[in-house]
S.K.: 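This structure is in structure tokens; I'll ask about it shortly.
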Amino acid sequence: SKVLYFRGLSPDTDEGDLTQFCSPFGRVAAVLRLKEKDQAFVEMESVVASTAILSFFSANQALIRNTPVIIAYSSRKQVTTNNSSSST
């Protein structure tokens, strides 16, 4: 999947933090931050990029804003936001 699921985010983590965290692995296509749940979905441009993130962080602790986070593949095919015309 091109979409990754992040959980355990600190309340002050925003879309920019997630984009900056993921961008060394490839282009970020979309970010959906669920602040009330301390979760997010990040859609990468390619499966290669999302796989690279998961591979790297299976051997290294993922930290965003000095907070350990858990990253997994999402069952979502794409990230849709309130600005999107889709109703997924």
Side-chain angles (χ1 to χ4, degrees):
S1 173
K2 295 189 296 184
V3 180
L4 298 174
Y5 166 70
F6 288 73
R7 68 181 167 113
L9 298 170
S10 67
D12 58 341
T13 300
D14 61 21
E15 290 86 351
D17 295 320
L18 291 157
T19 299
Q20 184 176 8
F21 179 85
C22 294
S23 62
F25 298 92
R27 192 176 87 70
V28 175
V31 177
L32 175 61
R33 175 72 168 96
L34 306 172
K35 285 190 178 280
E36 65 281 357
K37 295 183 178 181
D38 296 329
Q39 300 172 354
F41 294 94
V42 176
E43 180 181 347
M44 300 301 292
E45 188 172 56
S46 70
V47 173
V48 171
S50 62
T51 300
I53 292 170
L54 280 184
S55 295
F56 182 81
F57 290 109
S58 67
N60 300 279
Q61 176 65 64
L63 293 172
I64 301 177
R65 290 191 173 254
N66 296 315
T67 301
V69 298
I70 296 169
I71 308 169
Y73 282 121
S74 170
S75 59
R76 290 173 175 247
K77 300 292 183 206
Q78 68 182 58
V79 171
T80 55
T81 62
N82 291 339
N83 298 334
S84 176
S85 59
S86 175
S87 60
T88 303

S.K.: Quick one: CZ on R76 to CG on L32, what's the gap to the nearest 0.5 Å?
M.R.: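 The distance works out to 5.5 Å.
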
S.K.: Could you check if a side-chain atom of L4 sits within less than 4.5 angstrom of a side-chain atom of F41, using non-hydrogen atoms only?
M.R.: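 Counting from C-beta outward, L4 and F41 never come under 4.5 Å.
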
S.K.: Can you tell me how far apart CZ (R27) and CD (E43) are? Round to the nearest 0.5 Å.
M.R.: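 R27 atom CZ to E43 atom CD measures 9.0 Å (nearest 0.5 Å).
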
S.K.: Return the orientation label for the F56 and F25 ring planes: parallel under 30°, perpendicular over 60°, tilted otherwise.
M.R.: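 F56 and F25: tilted rings.
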
S.K.: Examine L54 and V3 and state if one hydrophobic cluster contains both, with Ile, Leu, Val, Met, Phe, Trp and Tyr joined whenever side-chain heavy atoms are less than 4.5 Å apart.
M.R.: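 Not linked; separate clusters.
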
S.K.: Which is it for D14 and D17 under the side chain to side chain contact (heavy atoms under 4.5 Å, CB included) test, yes or no, and what are the steps along the way?
M.R.: CA-CA 5 Å; D14 61 21; D17 295 320; 3.1 Å; yes

S.K.: With a 6.0 Å cut-off on the ring centroids, do F6 and F57 count as close?
M.R.: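 Judged by ring-centre distance (under 6.0 Å), F6 and F57 do not meet the cut-off.
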
S.K.: Looking only at heavy atoms, what is the nearest atom pair of G8 and V69, with distance?
M.R.: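 In this case the closest contact between G8 and V69 is O-CG1, 3.8 Å.
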
S.K.: In terms of hydrophobic clusters joined by side-chain contacts under 4.5 Å, are L63 and L9 together?
M.R.: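 Different hydrophobic clusters.
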
S.K.: Indicate yes or no for a side-chain donor-acceptor contact from R7 to the backbone of I71 under 3.5 Å, with no hydrogens or angles considered.
M.R.: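 Pair absent, no side-chain N/O of R7 close to backbone of I71.
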
S.K.: Restricting to non-hydrogen atoms, name the atom on E45 and the atom on K2 that form the minimum distance, rounded to 0.1 Å.
M.R.: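 Heavy-atom minimum between the residues: O-CD, 3.4 Å.
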
S.K.: Can V79 be reached from M44 by stepping across I, L, V, M, F, W or Y side chains whose heavy atoms are under 4.5 Å apart?
M.R.: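 No, because M44 and V79 fall into different hydrophobic clusters, even though each may have its own neighbours under 4.5 Å.
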
S.K.: Distance alone, cut at 3.5 Å: any donor-acceptor contact between the side chains of S58 and S55?
M.R.: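 No.
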
S.K.: Same cluster or not: I53 versus V48, using hydrophobic residues (I, L, V, M, F, W, Y) connected whenever any side-chain heavy atoms lie under 4.5 Å apart?
M.R.: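 Unlinked, I53 and V48 end up in two clusters.
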
S.K.: Considering non-hydrogen atoms only, spot the tightest contact between S74 and S1 and give its length.
M.R.: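 Nearest heavy atoms, S74 then S1: O-OG, 3.3 Å.
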
S.K.: Check whether any side-chain heavy atom of D12 lies under 4.5 Å from a side-chain heavy atom of K35, and answer yes or no.
M.R.: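 Of all side-chain heavy-atom pairs linking K35 with D12, none is under 4.5 Å.
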
S.K.: To the nearest 0.5 Å, how far apart are CZ in R65 and CG in L18?
M.R.: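 Between R65 CZ and L18 CG, I get 10.0 Å after rounding to 0.5 Å.
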
S.K.: Is there a path of hydrophobic side-chain contacts, each under 4.5 Å between heavy atoms, that joins V28 and I64?
M.R.: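 Yes, because V28 and I64 connect within a single hydrophobic cluster, where side-chain heavy atoms sit under 4.5 Å apart.
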
